[in-house]
2 protein chains.
Amino acid sequence: MSRLVEVTELALRDAHQSLLATRMATEDMVGACEDIDKAGYWSVECWGGATYDSCIRFLNEDPWERLRTFRRLMPNSRLQMLLRGQNLLGYRHYEDTVVDRFVDKSAENGMDVFRVFDALNDVRNLKRAMDAVRRTGKIAEGTICYTTSPLHTVEKFVEMAQRLKDMGADTICIKDMAALLRPRPAYDIVKGIKEKCGKETLVHVHVHSTTGVTLVSLQKAIEAGADIVDTSISSLSLGPGHNPTESLVEMLADTGYTTRLDKDRLLKIKDHFAKVRPRYAAFESKILGVETEIFDSQIPGGMISNMESQLRQQGAGDRLKEVLAEVPRVREAAGYPPLVTPSSQIVGTQAVFNVLMGEYKALTGEFADLMLGYYGETIAARAPAIIEAAVKHAKKDPITCRPADLLKPEWEALRDAAIGLKGCNGSDEDVLTYAMFPQVAPKFFSTRDQGPKNVGKVPSTEPAAPAKGDAPARAGNGKGPIT
Amino acid sequence: MSRLVEVTELALRDAHQSLLATRMATEDMVGACEDIDKAGYWSVECWGGATYDSCIRFLNEDPWERLRTFRRLMPNSRLQMLLRGQNLLGYRHYEDTVVDRFVDKSAENGMDVFRVFDALNDVRNLKRAMDAVRRTGKIAEGTICYTTSPLHTVEKFVEMAQRLKDMGADTICIKDMAALLRPRPAYDIVKGIKEKCGKETLVHVHVHSTTGVTLVSLQKAIEAGADIVDTSISSLSLGPGHNPTESLVEMLADTGYTTRLDKDRLLKIKDHFAKVRPRYAAFESKILGVETEIFDSQIPGGMISNMESQLRQQGAGDRLKEVLAEVPRVREAAGYPPLVTPSSQIVGTQAVFNVLMGEYKALTGEFADLMLGYYGETIAARAPAIIEAAVKHAKKDPITCRPADLLKPEWEALRDAAIGLKGCNGSDEDVLTYAMFPQVAPKFFSTRDQGPKNVGKVPSTEPAAPAKGDAPARAGNGKGPIT
Ligand SMILES: [Co+2]
Ligand SMILES: [Co+2]
């Protein structure tokens, strides 16, 4: 008897976010939906902050319409999304009733599984969203952002899992956005969770493939009892993306573990995206090989590109090495946050400031907020001298409460602002779009009736060998890569 | 205490053979040699049939000079080569004294480890070469070509290992040229060898990465006791190549296994080939993603391209599906040979003939030879009716002896022919070059004094993003891909 391992397919969200700068149009996905729906996945990840952003910023698509399309085309599948806790899909904390409203609307439009995470692993920032999900009867997945530091031990991750379970998480996700999860800790953490939280606790493992080792980590996680793992169809896999779904299936052959995936369906899904991908050649990630330096540097590739471009803008393109050496010091001072959007940008930009202007001579507003607790708690204490500097800079006091506790009700104001915009249809969905992307929503509302604008192109040369010349920066939306 | 896992670096041979059509010039490798020499590898694979062929066919380089260069630049390293048993580096069986001479000269010029294999796994075809290696005091690695069929059981592979050990093999290699070795059989075969042949038997595992699962297979092979594994530096890895060396190192962190590789050296080697690779963009393999279909089709990608181009030449480009269905039948009729050069070409071409002209209505000469035993024994009996057809076609009888037993002494004749060629320097090395590549050697000898001709180009666009437009067929030398 084999033990069943369930699989989440990432092709419709994280895969093209990681490989094609989130640019894939809905019309290029619909052709694969029937096969995805019938292939035997546990869930289909298909929605999140970057895809929502890209829909309204680049594709003139209504993200809610995309969701309803998936719902219609995959009636048998659990649809899954990535939710930044109290930040929802935006970049600030929202007041609790906005969180409730967003979750309600997402569930109503067809979402089944909500993977809820916080960039600092502060579980207080997950609670409201998780409660809202549970109230809808959908699946609330409590998420641990995996990172490494002297403080991040197996025990700490397991404790966090227990806290998430106590909060009512239906499943626990270990989310390794930077491909740092090596086989040994993958085994130990899953084992630890199963022992501490109970064998029946469903453990879901999300890894990227950047460092080349994480398919082995999935194997070890499965040996330790992981129930669900995330992969992407091979034609949208590897590099900064994910391990190929088909390889996972083959890896498990005759091992005592099995998936329930239909290989013929997988082949069709693969062929579909193999045809689609070349149209997005201009958006291909430039890092397609394996990068293992992150194990020592601790700095995700996407963050390095951001810092490089900041340095170049300041005419200091030659100082990257100093900045790379500064990042771990800034991270330590900030209490060892995981480096994931938005903490990766906040830490990276401050490291650039420190190198160009002297250590903490100038602070960014976001870094001051991070030091003062306005993003939440960190695993380690933050450096007192720099907290003091932050107090002076920001002219406000440190907090220890849940950041959203300081927020006043805001739905009415958001609603009023949204419905005043040309093209806003007055729905709660539109208000939420405005709430999360106030800079982008007005233009989108005004152009929405022109319909989707597919930015993919039929390659003018051979389909299999696209030129990669003038790829727009992946940092096009400024926040893409690290999730 | 961790157990030491040793590593063979493939960058200088199999990696650029698999990824860049074997075109890399010696001058593009020398810059990495010091770091490779000091990184802590067990051996450095740097020579074989395709690199030898490419040297004289495309690069106007003397392969023996390349070998001496490696010897000089890597004084602390074991240099390793791939040797096709009685075929040496050519495509026919050579008489025994030619085999002796080749091994002597290779050892004399600096070779340390001889990985000796036979396309049919007929150990009689390995014996003379292995004996010759042992006489020189160098390392004789007896090799099992891994393949799958109803006959290829773990027990059979373990028995073959025992036969190789009885023949005096210093190490046993499991060679998985098509990335078919899944984690479970990787574990079982290594375990089986250690149990049957003794724990002290050194087991060396060679896998490609085409199917995306084989780093996990290496992990399992190591858990079962494998002593040495093959990888390639990350900037020359993945796709039809190999698993990245750096990923192997990171995979083993804290697992009870360790390599003795120096990560700083690895980073330098990586950077070197990251700079070199774009110059060979025109030769890049078109298959760079993961391909798992081979698990079911049993047909390596390189073989499919060959058959496609044969069909197209016959105006029957639309009949590939029939040919793909025919291949397993032909392979069964031929006694389930592994599909590796040259058996892959022989089986593939016959499958094309069968589809175009009717089953076995026409036989190729090579297929008739295969059916009649002139390549050696196969694991299963060959189909009697087709043996009969082969007798008629080839007008000769089946044999059961070792094919080379039928050969007459040939060194003097080869020597006379070689020294008659313009530019031949009269050395045994030149005679061997002529012996193995009689069609190519004459031109090479005549142009040798013009010196090496690097076919790499400094990319005219961005270095990181080469256009891949007009890649010459990988089958340029007709025999490249499947080793
Ligand atoms: Co991700
Ligand atoms: Co190989």
Side-chain angles (χ1 to χ4, degrees), chain A residues 179-180 182-185 187-188 209 211-220 233-239 243-256 263-264 266-267 270 274 277 281 284 286-296 461-462 464-471, chain B residues 179-180 182-185 187-188 209 211-220 233-239 243-256 263-264 266-267 270 274 277 281 284 286-296 461-462 464-471:
Chain A
L180 281 170
R182 282 188 273 221
R184 181 60 192 266
Y187 184 91
D188 291 343
S209 54
T211 56
V213 310
T214 57
L215 187 61
V216 188
S217 309
L218 290 186
Q219 171 74 36
K220 289 294 163 187
I233 201 75
S234 61
S235 49
L236 280 180
S237 75
L238 295 182
N243 295 292
T245 307
E246 301 96 311
S247 299
L248 177 90
V249 172
E250 298 295 346
M251 169 180 97
L252 295 179
D254 305 315
T255 59
K263 285 164 71 168
D264 294 331
L266 296 187
L267 186 54
K270 174 195 175 183
R277 183 169 179 172
E284 281 275 356
K286 297 205 174 178
I287 304 165
L288 277 176
V290 152
E291 300 286 341
T292 57
E293 286 100 287
I294 185 178
F295 284 121
D296 297 312
T461 56
E462 298 191 64
K468 296 182 183 168
D470 56 345
Chain B
L180 281 170
R182 283 187 271 220
R184 179 61 192 265
Y187 185 91
D188 291 343
S209 53
T211 55
V213 309
T214 58
L215 187 62
V216 188
S217 309
L218 291 185
Q219 171 75 35
K220 288 293 163 189
I233 201 74
S234 62
S235 49
L236 279 180
S237 76
L238 295 183
N243 294 292
T245 307
E246 300 97 312
S247 299
L248 178 90
V249 172
E250 299 295 346
M251 169 180 96
L252 295 178
D254 306 314
T255 58
K263 283 163 71 168
D264 295 331
L266 296 187
L267 186 53
K270 174 196 174 181
R277 184 167 178 173
E284 282 274 356
K286 298 204 171 175
I287 304 163
L288 279 176
V290 152
E291 298 286 339
T292 57
E293 286 99 288
I294 185 177
F295 283 121
D296 297 312
T461 56
E462 301 189 62
K468 294 183 183 164
D470 57 346

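Here is the naming used below: chain letters follow the sequence lines, and residue numbers restart at 1 for every chain.
- In terms of heavy-atom pairs under 4.5 Å with chain B, the best-connected choice from A/Pro185, A/Gly212, A/Ser237 is A/Gly212.
- When all heavy atoms of A/Val216 and A/Pro183 are compared, the pair lying nearest together is CG1-CG, 3.7 Å.
- The side-chain heavy atoms of A/Asn243 and A/Leu248, taken from C-beta on, include no pair separated by under 4.5 Å.
- Within the 4.5 angstrom heavy-atom criterion, only side-chain atoms of B/Glu293, from C-beta onward, approach chain A.
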Test log, rule side-chain contact (heavy atoms from CB on, under 4.5 Å), inputs B/Ser209 and B/Leu215 = CA-CA 8 Å; B/Ser209 53; B/Leu215 187 62; over 6 Å; no
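- The residue among B/Gln219, B/Arg182, B/Arg184, B/Glu250 with the most heavy atom pairs within less than 4.5 Å of chain A is B/Glu250.
- Under the 4.5 Å side-chain criterion, counting only non-hydrogen atoms from C-beta, A/Leu180 is not in contact with A/Thr211.
- Contacts of B/Leu267 with chain A are made by side-chain atoms alone, with heavy-atom separations under 4.5 Å and no backbone atom involved.
- Of the atoms belonging to B/Asp296, it is side-chain heavy atoms, and not backbone ones, that fall under 4.5 Å from chain A.
- Using a 3.5 Å distance cut-off with no hydrogens or angles, the side chains of A/Glu246 and A/Ser234 do pair a donor with an acceptor.
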